[in-house]
Amino acid sequence: MPSDDERRLIFDAQEGSRGAFRLIVERYMKQAYDIAYGVVGDHDEAEDVAQESFVRVHRSLRSFRGDAGFGTWLYRIVMNVSLNRLRKRKMKEQREVRMQTQYREQPGPDLLNVEQPDLRIHIERALHQLPTLQRAVVILRHINGMSTREVGAILGCSDGTVKTHLHRGLKKMRTRLGFLKVDGS
Amino acid sequence: MRHSRVRSFLYEYARGELSQEKGREIENHLLSCHRCAREVEQIRTIVTATATHLRTASDHRSAEYWHTFIDGVEERIEARGLERVSPLIRILDAIGSLLRFRGPVIAITGGSLGLVIVGFLAIRLLRVEPVQPEEAVRADEEPAQVVAVDDRMGDYFRKSKVLLVGISNLKTADDRPFDLSAERRVSRELVAQARYLKNQPLDMRSARLIGDLEKVLIELANIKEEGGTPNVELIRSGIQRQNLLFKIRMAEALCDSTRFIQARETF
């Protein structure tokens with residue numbers, strides 16, 4: 001549930017306070033950006049998704065009743081916008097592939113260069129190779145540190161489903177990052 | 001705690017999110033279950049790896065970027081607000097703002113334009129024909145009086161010609177007295193007609209001819225019944241000397257041509 005301060009901000013923003021809305025954006029923009037980036041995997045697109053999400057929040061702010069946390073409501077919007085963007089991108093890629101009659105293989109685990117020093121790239125790549133829902137759960141729960149209940153509220157699924165997707169997603173990542181030693185080096 | 005239940009909390013245990021009591025229960029289970037213990041190690045590996053290497057994406061952006069981010073959101077909101085407004089409302093809004101900020105200018109311009117239009121219409125509707133000079137009216141008009149004078153003058157010349165031709169062709173060989181009563185009567189009528197015509201506005205040539213004819217006609221009107229040939233011869237010589245028949249024909253021709261021109265212009 002939102003704090004009193006946040007509730008006040010939301011109320012002012014609902015009344016049309018531009019400053020209050022700016023404070024809300026300032027408070028949540030980085031997390032929204034991280035979630036968007038986790039799904040779309042591109043900084044420019046993540047910016048576009050995050051800003052678009054705040055535009056939608058502004059449009060629907062009056063309908064927010066505070067039953068759930070504001071963050072949960074916002075991240076659900078971010079996730080929906082991100083998934084829509086991802087869906088459109090995939091459709092576009094499929095059209096392009098059909099037009100070019102070429103099959104462009106996604107970089108799989110066999111393409112990972114173990115000798116490459118920047119491990120972050122490998123981890124990000126492993127993350128973005130996950131199925132969409134598993135990736136969303138991993139991003140929200142594992143990377144952004146949200147609770148299972150929050151993730152379930154954002155994605156509209158039960159706690160058990162969140163746990164299952166998290167378990168499967170992390171298992172796939174471990175498989176793809178098999179070169180990692182147990183001590184994390 | 002059963003194995004399946006412990007497995008569902010391994011992730012939370014690896015991240016240290018469980019309460020102490022629940023954590024102890026998991027630890028007790030891990031001592032006896034190598035499968036779960038290995039699972040926990042693998043989870044910790046990925047948690048550590050991601051915590052160490054997977055920076056949050058927002059850290060890639062500078063502080064300046066995050067300042068402009070909010071502005072970008074507001075710009076989008078404004079742009080989206082404009083998009084939702086229908087073109088008609090935008091036009092009305094533009095007109096309203098124009099009237100609001102430039103009202104006096106538009107009022108003055110509109111008022112001036114209205115006055116010009118009203119003035120133009122008033123001039124068109126209440127247009128007064130310019131007063132033409134009296135002479136121009138005379139020239140343009142075809143007064144009935146002038147037409148009547150011309151007619152009477154033409155009639156006068158025709159009758160005079162017939163009379164003078166008759167006098168000129170009169171046979172005087174037998175020296176018998178002539179019956180000139182008809183010629184005298186016609187002469188008197190023509191003299192009266194000539195006097196009338198002389199009081200009318202005539203051109204100089206016609207007026208002179210009428211004057212010459214009047215003298216001859218007076219002579220003819222006063223000729224005696226038993227005047228005999230010498231008086232008639234005297235009149236004939238006067239007609240020939242003054243070349244009156246030729247002048248009458250010329251005057252008639254001039255009258256006819258003038259009438260023709262007037263008739264053509266009128267037509």
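Hydrogens, waters and symmetry mates are skipped; everything else that's a heavy atom, side chains included, is used. None of these values were measured; they are calculated from a predicted model. The chains referred to below are lettered A, B, ... by the order of the sequence lines, with proteins before strands, and numbering in each begins at 1.
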Given that the side chain runs from C-beta out, which part of [X] has a heavy atom under 4.5 Å from chain B: side chain, backbone, both or neither?
X: A:S53; value: neither
X: A:D42; value: neither
X: A:Q31; value: neither
X: A:A46; value: neither

> For B:L10, is it the side chain, the backbone, both, or neither that has a heavy atom closer than 4.5 Å to a heavy atom of chain A?
Replying inline: neither

>> Does B:I46 form a side-chain contact (heavy atoms from CB on, under 4.5 Å) with A:M173? I'd like the steps, not just the answer.
In response: CA-CA 8 Å; B:I46 196 75; A:M173 284 185 73; 4.2 Å; yes

>> Which one wins on heavy-atom pair count under 4.5 Å against chain B: A:R56, A:E26, A:H43?
In response: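 Counting heavy-atom pairs under 4.5 Å, the top option is A:H43.
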
With a 4.5 Å cut-off on side-chain heavy atoms, are [Y] and [X] touching?
X: B:E74; Y: A:Q51; value: no
X: A:M29; Y: B:I70; value: yes
X: B:Y65; Y: A:E47; value: yes
X: B:I77; Y: A:F21; value: yes
X: B:D59; Y: A:K30; value: no
X: A:L170; Y: B:Q42; value: no

Would the number of heavy atoms belonging to other residues, nucleotides or ligands and lying under 6.0 Å from [atom1] of [X] be above 12?
X: A:R89; atom1: CZ; value: yes
X: B:E64; atom1: CD; value: no
X: A:K171; atom1: NZ; value: no

> About how many Å separate CH2 of B:W66 and OH of A:Y33, when rounded to the nearest 0.5 Å?
Replying inline: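 Going from OH on A:Y33 over to CH2 on B:W66, the span is 6.0 Å.
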
> From A:F54 CZ over to B:R76 CZ, what is the distance, rounded to the nearest 0.5 angstrom?
Replying inline: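 Taking CZ in A:F54 and CZ in B:R76, the distance rounds to 12.0 Å.
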
> Looking only at heavy atoms, which of residues 152-169 of chain A get nearer than 4.5 Å to chain B?
Replying inline: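 Within residues 152-169 of chain A, the residues under 4.5 Å from chain B are A:K163, A:L166, A:H167.
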
>> Pairing donors with acceptors under 3.5 angstrom, does anything connect the side chains of B:Y11 and A:H142?
In response: yes

> Between A:R22 and B:D71, is the closest basic N to carboxylate O distance under 4.0 Å?
Replying inline: yes

